[in-house]
Amino acid sequence: MHPTTLMYTSSLLLMFAVLLYPLLVTFTSLPLNNDWASSHAKTAVKSAFLISLAPLSLFLSTGMEAVTSSWTWMVTTTLDITLSFKFDHYSIIFIPIALYVTWSILEFATWYMHSDPLMNRFFKYLLTFLVAMLILVSANNLFQLFIGWEGVGIMSFLLIGWWHGRADANTAALQAVLYNRVGDIGLILGMAWLATNVNSWDIQQMFILSKNLDMTLPLLGLILAATGKSAQFGLHPWLPAAMEGPTPVSALLHSSTMVVAGIFLLIRMSPLMENNQTALTLCLCLGALTTMFTATCALTQNDIKKIVAFSTSSQLGLMMVTIGLNQPQLAFLHICTHAFFKAMLFLCSGSVIHSLNDEQDIRKMGGLHHLAPFTSSCLTVGSLALTGTPFLAGFFSKDAIIEALNTSHVNAWALTLTLIATSFTAIYSLRVIFFVTMGTPRFLPLSPINENNPAVINPLKRLAWGSIFGGLLVMLNINLFKTPVLTMPAELKLAALAVSILGLLTALELATLTSKQFKVTPLRTPHHFSTSLGFVPAIIHRQIPQLSLLLGQKIASQMVDQTWLEKTGPKAIANATTPLASATSNMQQGLIKTYLTLFLMTLVLVTLISTT
Amino acid sequence: MAGVGFQRWVRTLSKGKISGISGLLPACRSGEILTYFPINIGEIAAAAKKYNIRVEDYKPIADNGEGYGDYPQLPDRSQQDRDPAYQWDHPDLRRNWNEPMHWDFDMFIRNRVDTSPTVVPWSTMCKQLFGFVGFMLFMFYLGDKFPAYQPVGPKQFPYNNLHLERGGSPDVEPEEVKNYEI
């Protein structure tokens with residue numbers, strides 16, 4: 001084996017070993033020590049991150065990618081499945097970032113979940129999720145990817161429903177599973193098509209063998225899978241509902257890692273999509289609709305976690321738009337930078353929530369700039385990175401995407417929607433900062449505001465460094481696969497910045513209006529549309545389950561018996577033959593003498609005619 | 001609901017005054033298991049007592065041959081619709097002990113269908129959502145017909161359209177190619 005490949009494979013093996021060891025320890029009956037979460041789980045992730053820097057540095061210096069296939073899983077006449085890992089540009093860069101973010105989140109969770117009696121189980125679930133995510137990211141065949149895909153789905157269910165005594169959390173967990181399942185239909189459709197037509201689930205083989213085939217159907221399946229997993233419009237309601245889970249779960253799963261799995265799948269399969277204009281247009285339009293719709297919903301939410309959740313959904317829509325522009329690498333870049341600042345925004349929200357005694361409504365926060373200066377600074381930095389402030393992390397990816405959008409041959413409405421969503425991003429980000437950090441406090445004086453714990457400060461600090469320098473570091477070290485268009489009019493170059501500043505100024509104006517006494521604002525239709533999340537949960541979550549459950553109950557209990565016994569069975573026969581029998585018997589009036597006379601007359605007539 | 005009938009059957013059988021299947025028959029005849037649609041006031045009162053509701057509230061499900069028997073038609077309201085602040089016997093289920101269950105109770109649990117009133121009427125919600133989606137689809141169609149792109153023109157090289165580099169003779173006067181003014 002080539003030394004580089006050996007290095008990649010052994011690093012991954014070591015990472016898995018380091019991450020699996022704490023999990024396996026929990027399966028024995030030995031009691032865990034008090035700080036198992038901190039000493040074992042968090043340390044394991046930190047060590048895994050440091051180990052993952054080795055293949056990263058090797059890749060950055062040599063640019064060498066590798067594919068390792070080891071144990072043969074299944075061999076049939078038409079399909080081979082092996083345990084196969086792909087160490088390419090995407091997985092080698094994503095794994096350290098995911099581990100860095102997870103390390104910070106686990107350290108934060110040692111503070112956040114401190115009062116939870118089952119904290120060790122919580123960390124076990126998070127570690128299991130991380131292992132499943134690494135399997136997904138490093139998979140070289142669709143079967144292994146599917147294992148990771150389902151693994152992250154199940155852990156998402158368990159973690160969202162962490163406080164399972166709460167009915168709303170159970171409902172949210174069920175929503176996550178069901179919407180992901182609908183997406184899985186697409187993934188399995190794609191896998192089945194590929195298995196039957198291309199006879200392979202191996203990424204390299206699929207790309208070569210599908211050169212002359214019409215890939216529309218499997219690509220639609222993969223896009224459906226991404227719609228489910230990455231909460232695109234249509235299958236998006238589970239993501240805001242997933243905020244029922246603890247904040248570390250929201251930070252890890254539903255912003256940085258799990259929700260990008262759908263986009264990651266499309267990025268991995270992007271060579272299949274390059275030549276299929278239908279799939280690209282669908283991605284573009286779906287992504288544009290998602291980013292605009294969820295940004296609209298985020299404008300009027302009052303729960304700080306819901307705003308950040310919709311912000312995540314909006315950025316996922318932007319990544320989908322990028323894939324629709326045939327720029328998978330820019331989408332990947334956005335995944336990497338987005339992980340830093342979104343996780344930081346969630347951790348800041350968690351710090352604020354705990355500081356205000358579990359208050360999540362931004363209308364009851366305020367003035368935290370003076371009371372929790374570090375948290376509010378990180379919140380501000382994260383929001384600025386999110387809006388694409390020049391030279392922070394988000395700028396390098398977001399601005400590149402908007403430039404690519406402006407200079408491409410695209411659907412004009414998709415372009416418009418994406419720019420509107422970019423300005424909305426600035427609006428709701430400023431709304432969060434205004435309500436949380438500025439002004440005077442709107443909460444009770446005796447709130448346990450304390451950010452002095454290193455378990456809070458250190459993760460926020462690390463993620464803040466990542467949010468500031470992450471984009472620059474990644475951009476400086478990667479080679480772009482597609483030549484970016486560098487010449488464009490100044491208006492297009494500055495478009496992203498201009499719409500963001502416009503949004504910021506609009507939001508500032510609206511925010512200052514809240515401190516003035518105006519006349520009572522009448523009920524506004526767009527406000528209802530936005531606050532009620534476009535009425536999608538209200539309509540879909542009532543209508544579809546009601547129809548299917550009612551129909552199921554009716555068929556099972558009443559209709560089977562009624563159909564077979566009454567409508568088509570004995571009663572139906574009785575109902576059909578009774579009119580016939582009564583009609584016949586009504587016709588028989590019992591006039592025997594008349595019948596006999598007619599009979600004799602006919603007989604005489606026949607005799608007379610036959611004899612003549 | 002089939003399970004309820006089976007439980008009743010087992011309970012009657014286990015009461016055990018008469019052995020075997022014949023022990024079952026008196027219960028059948030008295031209407032303990034087979035429930036018939038109540039016709040007169042006596043049957044209505046007995047059914048209301050059986051289901052633990054007041055006679056005024058008792059309303060049997062209409063007899064369309066579907067086999068509901070004397071089961072009451074309870075209001076179609078979900079558990080989520082009930083008062084969260086009231087001291088229920090089972091607070092998570094929002095239900096009191098021995099309360100009559102709706103025929104579709106499994107649909108109306110808090111994790112499933114919610115019938116609580118919405119801020120905006122149902123018809124308005126449907127119109128707004130589907131109108132929004134329809135509008136977006138129409139605009140995407142228009143955007144596809146009139147796409148946005150940067151204007152491009154044919155290439156224009158310097159040095160007289162690269163006359164010498166392309167093998168042109170230095171003596172011949174090259175023709176001027178001007179596609180656009182820079």
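These numbers come from the heavy atoms of this one structure, side chains and all, not from hydrogens, waters or symmetry mates. Each chain gets a letter, A, B and so on, in the order the sequences are listed, and its residues count up from 1.
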Evaluate side chain to side chain contact (heavy atoms under 4.5 Å, CB included) for M107(B) paired with L550(A), printing each intermediate quantity in order. CA-CA 8 Å; M107(B) 184 172 80; L550(A) 268 179; 3.8 Å; yes
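- In this structure, chain B has a heavy atom under 4.5 Å from the side chain of K554(A), while its backbone stays farther away.
- With a 6.0 Å radius and a threshold of 12 heavy atoms from other residues, nucleotides or ligands, W122(B) has its CH2 atom above the threshold.
- The line from CG of D104(B) to OG of S557(A) is 8.5 Å long, rounded to the nearest 0.5 Å.
- P545(A) has its side chain within reach of V113(B): a pair of non-hydrogen atoms, C-beta onward, lies under 4.5 Å apart.
- Other residues, nucleotides and ligands place no more than 12 heavy atoms under 6.0 Å from the NZ atom of K571(A).
- Ring centroid separation for the pair F535(A) and F132(B) does not come in under the 6.0 Å cut-off.
- Contact annotation for M488(A): neither backbone nor side-chain heavy atoms come within less than 4.5 Å of a heavy atom of chain B.
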Given Y68(B) and Q558(A), is the side chain to side chain contact (heavy atoms under 4.5 Å, CB included) satisfied, shown in steps? CA-CA 8 Å; Y68(B) 285 111; Q558(A) 275 88 40; 3.2 Å; yes
Chi angles and distances behind the side chain to side chain contact (heavy atoms under 4.5 Å, CB included) call for M125(B), H528(A): CA-CA 10 Å; M125(B) 284 202 294; H528(A) 274 169; over 6 Å; no
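- Within the 4.5 angstrom heavy-atom criterion, no atom of S78(B) approaches chain A.
- The part of L415(A) that comes within reach of chain B is its side chain, from C-beta onward, which places non-hydrogen atoms under 4.5 angstrom from that chain.
- Separation of atoms CZ (F140(B)) and CG (L289(A)) is listed at 5.0 Å; rounding is to 0.5 Å.
- Heavy atoms of V536(A) lying under 4.5 Å from chain B belong to its backbone as well as its side chain.
- Nearest approach of Q150(B) to P489(A), heavy atoms of both residues: OE1-CD, 3.6 Å.
- Judged by distance alone, the side chain of D144(B) and the main-chain N or O of N411(A) form no donor-acceptor pair under 3.5 Å.
- Heavy atoms closer than 4.5 Å to chain B are found nowhere in D561(A), neither backbone nor side chain.
- Note on D92(B), T118(B), V120(B): by heavy-atom pairs under 4.5 Å with chain A, the leading option is V120(B).
- Proximity of D168(A) to Q80(B): side-chain heavy atoms (C-beta onward) are separated by under 4.5 Å at one or more points.
- Using a 4.5 Å cut-off between heavy atoms, Q546(A) touches chain B through backbone and side chain atoms alike.
- For the atom pair CE of M136(B) and CZ of F293(A), the computed distance is 9.5 Å after rounding to the nearest 0.5 Å.
- Interatomic distance, N170(A) CG to N111(B) CG, rounded to the nearest 0.5 Å: 5.0 Å.
- Side-chain atoms of M139(B) and C285(A), non-hydrogen and from C-beta on, never get closer than 4.5 Å to each other.
- Between chain A and the residues K145(B), Q128(B), R110(B), the largest count of heavy-atom pairs under 4.5 Å involves Q128(B).
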Criterion side chain to side chain contact (heavy atoms under 4.5 Å, CB included) on L142(B) and W413(A), from CA distance to verdict: CA-CA 8 Å; L142(B) 280 186; W413(A) 187 241; over 6 Å; no
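- No part of I544(A) comes within reach of chain B, as not one of its non-hydrogen atoms sits under 4.5 angstrom from that chain.
- Taking a 6.0 Å sphere around CD of E56(B), one finds it holds more than 12 heavy atoms contributed by other residues, nucleotides or ligands.
- Looking at T416(A), there are no atoms closer than 4.5 Å to chain B (heavy atoms on both sides), in backbone or side chain.
- Interatomic distance, Q553(A) CD to D106(B) CG, rounded to the nearest 0.5 Å: 5.5 Å.
- Counting non-hydrogen atoms of neighbouring residues, nucleotides and ligands closer than 6.0 angstrom, the NE2 atom of H90(B) exceeds 12 such neighbours.
- Put simply, CZ on R112(B) and OG1 on T171(A) are 10.5 Å apart, with the number rounded to the nearest 0.5 Å.
- Ranked by heavy-atom pairs under 4.5 Å with chain B, the list M559(A), M292(A), Q543(A), Q175(A) is led by Q543(A).
- In this structure, no portion of S532(A) lies under 4.5 Å from any heavy atom of chain B.
- Contacts of Q79(B) with chain A are absent, with no heavy-atom separation under 4.5 Å from either backbone or side chain.
- Using a 4.5 Å cut-off between heavy atoms, Y141(B) does not touch chain A at all.
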